[in-house]
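Here's the structure we're looking at; comments come further down.
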Number of protein chains: 2
Amino acid sequence: MKEKVISIGTVRDLTGLTERQIRYYEEKKLVFPTRTAGGARKFSFDDVELLKLIHSKLKDGFHTFELRQQPEKWLHPYEEGSLSR
Amino acid sequence: MKEKVISIGTVRDLTGLTERQIRYYEEKKLVFPTRTAGGARKFSFDDVELLKLIHSKLKDGFHTFELRQQPEKWLHPYEEGSLSR
DNA sequence: CGTGTAAGGAATTCTGACACG
DNA sequence: CGTGTAAGGAATTCTGACACG
């Protein structure tokens with residue numbers, strides 16, 4: 001599920017996050033969408049799951065810089081390998 | 001892989017087909033993308049594989065109406081169930 | 001810090017039509 | 001029949017900024 005094919009509007013619908021939040025998490029180096037020739041972001045299904053996880057961690061009180069520094073510490077896939085990179 | 005999340009431009013890149021061809025195959029009832037609120041088509045990875053198969057069949061001399069009438073006759077997934085509906 | 005919003009522009013997609021054959 | 005193209009419009013996405021706190 002690593003193919004970057006989903007545009008931000010669909011990611012918004014899939015995650016329930018706002019485009020603002022999605023772009024902010026990218027700005028903070030937490031997700032790495034690719035870009036189309038025109039500059040539009042393309043995310044993978046793994047990115048979608050990761051975005052949900054990021055948001056839940058922020059709700060738990062973590063800060064973006066903490067999540068960026070030690071992804072191994074908090075990135076624990078629901079299913080083994082489902083979010084492997 | 002049935003989630004309809006890929007826009008036509010990405011499908012074009014993934015299949016090598018033109019948007020014209022993709023829209024035509026939909027018009028002929030060979031693929032069934034969903035639509036966003038704004039009317040934009042959204043395809044699944046299964047649709048992407050199906051579109052490639054449709055195009056190869058057309059290259060083999062088949063016509064769209066033949067493919068539509070008896071999908072069981074020519075729809076033989078590369079891997080069991082990969083294109084099941 | 002994380003998120004909302006209004007602003008203006010650029011890229012994307014849509015439909016219906018004319019064309020060829 | 002299957003596909004190309006130009007046309008005009010509508011929806012989508014982008015960036016940088018101001019705001020709050």
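Values in this document were obtained by computation on a predicted structure and should not be read as measured data. Residue numbering restarts at 1 for every chain, and letters A, B, ... go by the order of the sequence lines. When reading the values below, keep in mind they use all heavy atoms of this one structure, side chains included, and skip hydrogens, waters and symmetry mates.
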**Study point:** Dot-bracket encoding per residue of DNA chain D, Watson-Crick/G-U cut-off under 3.5 Å, | denoting interstrand
**Key:** .||||.||.|.|.||.||||.
Side chain of [X] (C-beta onward), nearest among [options]:
{"X": "A/Arg12", "options": "D/dT5, C/dT15, D/dT13", "value": "D/dT13"}
{"X": "B/Ile8", "options": "C/dT3, C/dT12, C/dC14", "value": "C/dC14"}
{"X": "B/Thr64", "options": "D/dT5, D/dG2, C/dT3", "value": "D/dG2"}
{"X": "B/Thr18", "options": "C/dT3, D/dG4, D/dT3", "value": "D/dG4"}

**Study point:** Donor-acceptor under 3.5 Å (A/Gln69 side chain, A/Glu66 main chain)
**Key:** no
Check your understanding: Given that A/His63 and A/Gly38 both sit by DNA chain C, which one's nearest nucleotide is further toward the 5' end?
Key -> A/His63
Check your understanding: With a 4.0 Å cut-off on heavy atoms, is B/Arg41 in touch with a base, just the backbone sugar-phosphate, or nothing at all?
Key -> sugar-phosphate
Under 4.0 Å between a side-chain N or O of [X] and OP1 or OP2 of [N]?
{"X": "B/Tyr25", "N": "D/dT3", "value": "yes"}
{"X": "B/Ser7", "N": "D/dT12", "value": "no"}
{"X": "B/Tyr24", "N": "D/dT3", "value": "no"}

Review point. Any ion pair linking A/Arg23 and A/Glu26 (charged N to carboxylate O, less than 4.0 Å)?
Key: no
